[in-house]
Asker: 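Sharing a structure with you now.
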There are 2 protein chains.
Amino acid sequence: MNAAADNLRTQAQVFKSLGHPARLRMVQLLADGERCVCDLTGQVGLDISTISKHLAVLVQAGVLVSEKRANKVFYRLRTPCVLKMFTCLGELQQSPDSTSLVEATCCPP
Amino acid sequence: MNAAADNLRTQAQVFKSLGHPARLRMVQLLADGERCVCDLTGQVGLDISTISKHLAVLVQAGVLVSEKRANKVFYRLRTPCVLKMFTCLGELQQSPDSTSLVEATCCPP
DNA sequence: CATGTATTTGGCAATTATGCCAAACAGCAA
DNA sequence: TTGCTGTTTGGCATAATTGCCAAATACATG
């Protein structure tokens with residue numbers, strides 16, 4: 001019965017994880033391939049500890065996965081599907097107001 | 001130069017607006033067509049004033065638009081593109097972990 | 001073992017979000 | 001006008017988020 005509410009919360013968690021400029025930025029940077037925390041820190045401009053916590057949020061949401069190699073931790077997209085969401089987002093922002101519910105041709109393959 | 005940061009913030013705002021269970025629920029309800037605030041209140045189970053504020057967040061983010069008719073205010077999706085994001089979300093959550101960056105066949109047309 | 005590099009964790013202050021109530025506001029009808 | 005329905009706004013208490021610092025941890029190397 002709570003399954004529906006749980007599912008809703010899980011879905012919202014993904015959006016929420018992307019709903020912060022720094023986290024969104026990091027995901028976009030990771031679109032090009034994995035990066036270690038120190039690399040991301042240089043490009044995002046926040047304290048390393050803050051970056052680490054943001055990355056943990058994205059892992060928790062299922063957007064990223066991490067892998068430790070030597071003394072570095074590398075983060076990467078868990079699945080490239082998330083990039084499609086960015087495409088959708090761009091289309092949504094570009095899209096004119098619509099009065100009908102006809103599915104527009106947004107987010108093509 | 002702040003254009004990039006502004007864009008990032010605007011994009012994050014959309015995700016953030018969807019990153020709350022109640023707001024996500026309302027958007028999903030509105031996928032079937034416009035609803036007035038009182039209808040949504042009954043289905044979400046929060047105080048009307050709270051619903052109203054959540055709806056304002058979604059309008060601010062560009063996800064919804066509102067229209068007043070008689071003494072009721074109807075909300076609807078600004079563009080159906082947002083529904084594609086839900087498809088993407090489902091695919092993302094179903095998608096297995098991937099090690100390569102090859103675009104998987106998620107979010108088909 | 002001691003040192004250096006890389007990352008995470010704990011904790012704190014400041015900010016923001018959430019949800020309720022009460023009050024204000026808008027529009028319709030008697 | 002008055003009353004009624006529907007919505008928004010203001011305000012408040014509580015909770016969550018954000019970002020920094022300092023300390024702890026993990027790992028490789030000298």
Side-chain angles (χ1 to χ4, degrees), chain A residues 5-6 8-30 33-76 78, chain B residues 5-6 8-27 29-30 33-78:
Chain A
D6 283 351
L8 204 58
R9 228 173 295 124
T10 304
Q11 291 179 308
Q13 189 184 22
V14 176
F15 285 125
K16 191 174 183 178
S17 76
L18 299 172
H20 186 286
R23 289 195 292 264
L24 192 53
R25 180 84 202 288
M26 293 192 289
V27 173
Q28 288 172 350
L29 288 170
L30 292 172
E34 63 176 23
R35 296 265 194 299
C36 67
V37 181
C38 54
D39 284 346
L40 290 169
T41 300
Q43 301 188 260
V44 177
L46 290 172
D47 191 87
I48 298 189
S49 68
T50 303
I51 296 291
S52 181
K53 284 173 182 173
H54 278 309
L55 288 168
V57 170
L58 288 162
V59 169
Q60 183 65 31
V63 175
L64 304 183
V65 290
S66 67
E67 186 181 340
K68 186 161 205 166
R69 291 204 294 278
N71 59 340
K72 293 188 179 182
V73 178
F74 289 88
Y75 285 82
R76 63 169 182 272
R78 193 186 65 77
Chain B
D6 283 350
L8 204 57
R9 228 173 295 122
T10 304
Q11 291 179 308
Q13 189 185 21
V14 176
F15 285 126
K16 191 175 183 178
S17 75
L18 299 172
H20 187 286
R23 289 195 292 262
L24 191 54
R25 180 84 203 289
M26 293 192 289
V27 173
L29 289 170
L30 292 172
E34 63 176 21
R35 295 266 195 298
C36 66
V37 181
C38 54
D39 284 346
L40 291 169
T41 300
Q43 301 189 260
V44 177
L46 290 172
D47 191 87
I48 298 190
S49 67
T50 303
I51 297 291
S52 181
K53 284 174 183 174
H54 279 309
L55 288 167
V57 170
L58 287 163
V59 168
Q60 183 64 33
V63 175
L64 304 183
V65 290
S66 68
E67 185 182 341
K68 187 163 204 166
R69 291 204 294 277
N71 58 340
K72 292 188 179 181
V73 178
F74 289 87
Y75 284 83
R76 64 169 182 271
L77 306 183
R78 192 186 65 78

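The figures that follow rest on heavy atoms only: side chains count, while hydrogens, waters and symmetry mates do not. Because the structure is a prediction, the values reported are computed rather than measured.
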Asker: How close or far is atom P of dC27(D) from atom CD of Glu67(A), stated in whole angstroms?
Answerer: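 These atoms are roughly 13 Å apart.
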Asker: Does dA17(C) have OP1 or OP2 sitting under 4.0 Å from an N or O in the side chain of His54(B)?
Answerer: no
Asker: With the side chain counted from C-beta on, respond yes when Leu8(B) and Gln11(B) share a heavy-atom pair under 4.5 Å apart, and no when they do not.
Answerer: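 A side-chain contact exists here, since the closest heavy-atom pair is under 4.5 Å.
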Asker: Hey, is the side chain of Ser49(A) poking within less than 4.0 Å of OP1 or OP2 on dC20(D), counting only N and O atoms?
Answerer: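 Checking dC20(D) against Ser49(A), no side-chain N or O comes under 4.0 Å of OP1 or OP2.
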Asker: In B/S/- notation, 5' to 3', how is nucleotides 1-7 of chain C contacted by protein heavy atoms closer than 4.0 Å?
Answerer: ----BSS
Asker: Under 4.5 Å between any side-chain heavy atoms of Leu46(A) and His54(A), yes or no?
Answerer: yes
Asker: Please report the distance, rounded to the nearest Å, between CZ in Arg69(A) and C1' in dA26(D).
Answerer: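 That distance rounds to 16 Å.
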Asker: Give the angle between the helix axes at the two ends of the helix from dC1(C)-dG30(D) to dA30(C)-dT1(D), taking five base pairs at each end and rounding to 10°.
Answerer: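 If I round to tens, the end axes sit 10° apart.
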Asker: Rounding to an integer number of Å, can you tell me how far Ile51(B) CD1 sits from dG19(C) C1'?
Answerer: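 That distance rounds to 10 Å.
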Asker: Mapping Ala70(A) and Ala56(B) to their closest nucleotides on DNA chain D, which lands nearer the 5' end?
Answerer: Ala56(B)
Asker: Specify the separation, in whole Å, of atom CG of Asp47(A) and atom P of dG10(C).
Answerer: 16 Å
Asker: For dG19(C), take OP1 and OP2 only and decide whether either is under 4.0 Å from a side-chain N or O of His20(B).
Answerer: yes
Asker: dT16(C) P sits how many Å from Lys16(A) NZ, rounded?
Answerer: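 Taking NZ of Lys16(A) and P of dT16(C), I get 16 Å after rounding.
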Asker: Does Arg23(A) reach a base, just sugar-phosphate, or nothing at all? Heavy atoms under 4.0 Å.
Answerer: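 Sugar-phosphate contact only - Arg23(A) comes under 4.0 Å of backbone atoms but never of a base.
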Asker: Quick check for you: to the nearest 0.5 Å, what is the distance between Arg35(B) atom CZ and Met26(B) atom CE?
Answerer: 12.5 Å
Asker: Find out whether Leu30(A) and Leu58(A) are in side-chain contact, i.e. whether some heavy atom of one side chain is under 4.5 Å from a heavy atom of the other.
Answerer: no
Asker: Ignoring hydrogens and geometry, is there a side-chain-to-backbone donor-acceptor pair from Ser52(A) to Ile48(A) under 3.5 Å?
Answerer: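 Not at all, since once roles are kept as given, no pair shorter than 3.5 Å links the two residues.
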Asker: Check the distance between dT9(D)'s P and Gln60(B)'s CD and give it to me in whole angstrom.
Answerer: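 From Gln60(B) CD to dT9(D) P: 12 Å.
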Asker: Taking side chain as C-beta onward, heavy atoms only, is His20(A) less than 4.5 Å from Val57(A)?
Answerer: no
Asker: Answer whether the closest heavy-atom distance between the side chains of Leu29(A) and Val44(A) falls below 4.5 Å.
Answerer: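 Yes, close enough: below the 4.5 Å cut-off.
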Asker: Rounded to whole angstroms, how far apart are CG on Leu46(B) and P on dT8(D)?
Answerer: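 Answer to the nearest Å: 15 Å.
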Asker: Taking side chain as C-beta onward, heavy atoms only, is Leu18(B) less than 4.5 Å from Arg23(B)?
Answerer: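 Contact flag for Leu18(B)/Arg23(B) side chains = no.
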Asker: Expressed as a whole number of angstroms, how long is the span from Leu55(A):CG to dT17(D):P?
Answerer: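 Value for this atom pair: 17 Å.
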Asker: Under a 4.5 Å cut-off applied to non-hydrogen side-chain atoms, are Lys72(A) and Val37(A) in contact?
Answerer: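 No. Closest side-chain heavy atoms not under 4.5 Å.
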